[in-house]
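Below, all heavy atoms of this structure are taken into account, side chains as well, without hydrogens, waters or symmetry copies. Residue numbers start from 1 in every chain, and the chains themselves are labelled A, B, ... in the order their sequence lines are given, proteins ahead of strands. This structure is a prediction, so every number in the text was calculated from the model and none was measured.
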Amino acid sequence: MATAGCRLLWEFLAELLNSSADDVIRWEDKPLLKFRVMDPQRLAERWGQEKGKAGMTYEKLSRALRYYYKTNIVAKVRGQRLTYR
DNA sequence: TACCCGGAAGACTG
DNA sequence: ACAGTCTTCCGGGT
C-alpha cells in the first residue's frame, strides 16, 4: 500500500515550500496555502532525483498533480500555474 | 510558446 | 497477488 516509505509528491513539494527554495517553488499566499512554481524544469529535475527517475519532466510531474485534484490534495488556480493544498 | 487537461496502460512498492 | 501512487504516452484545449 501506498508508497509510504518516504516522499510522496505532495510531501516533497511541502518540504521545498517550507525550506528556502524560492528559486524553484514558493508560497504565493501562505495563509491561503497558495503556492507558485517559479521554475518548472528545475522542479521536475529535483523530483526526478528524489524518485530516481532520470527522464522526469514538468509535463509528467503536472500529470501527477492532476490526479491530486480528485483527492483534493491540490487545486489549480488557472492563469498563473498556482495551486493550493 | 508554454502550460493545462484527463483517459488508458503500465511500472514499482510494501 | 493486490492496491496505492505515481510514470509514461496520447490527443486536444487555452
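Distances shown here put a side-chain N or O of A:Trp47 below 4.0 Å from the OP1 or OP2 atom of C:dT7. Applying the 4.0 Å criterion to OP1 and OP2 of B:dC5, one finds that A:Tyr69 has a side-chain N or O inside that range. For A:Lys60, a side-chain nitrogen or oxygen approaches OP1 or OP2 of C:dT8 to under 4.0 Å.
Straight-line distance from the CG atom of A:Leu8 to the C1' atom of B:dT13: 12 Å, rounded to whole Å. Residue A:Leu65 contributes atom CG, which lies 13 Å from atom C1' of C:dT5 at whole-angstrom precision.
Side chain of A:Glu15 to backbone of A:Phe12: no donor-acceptor contact under 3.5 angstrom is found. Formation of a donor-acceptor pair under 3.5 Å by the A:Tyr84 side chain with backbone atoms of A:Asp29 is not found in this model. Here the side chain of A:Ser62 pairs no donor or acceptor atom with the backbone of A:Leu65 at under 3.5 angstrom.
The side chain of A:Lys76 has B:dC4 as its nearest neighbour among B:dC4, C:dT8, C:dC6. Closest approach to the A:Arg78 side chain among C:dC6, C:dT8, B:dC5 is made by B:dC5 (side chain taken as heavy atoms from C-beta onward). For A:Arg63, counting side-chain heavy atoms from C-beta on, the closest listed nucleotide (B:dC3, C:dC9, C:dC6) is C:dC9.
Counting non-hydrogen atoms under 4.0 angstrom, A:Leu61 reaches nothing in the nucleic acid. Among the atoms of the strands shown, only primed sugar atoms or phosphate atoms (P, OP1, OP2) are found under 4.0 Å from some heavy atom of A:Tyr68.
Ion pair A:Glu59/A:Arg63 flagged as a salt bridge, since at least one NZ, NE, NH1 or NH2 atom sits closer than 4.0 Å to an Asp/Glu carboxylate oxygen.
Projected onto DNA chain C by closest heavy-atom contact, A:Met56 and A:Arg66 fall at different nucleotides, the more 5' of which corresponds to A:Met56. Residue A:Ser62 is the one, among A:Tyr67 and A:Ser62, whose nearest nucleotide of DNA chain B lies closer to the 5' end (criterion: closest heavy atom). Residues A:Lys53 and A:Lys70 both approach DNA chain B. Their nearest nucleotides, taken by heavy-atom distance, put A:Lys70 toward the 5′ side.
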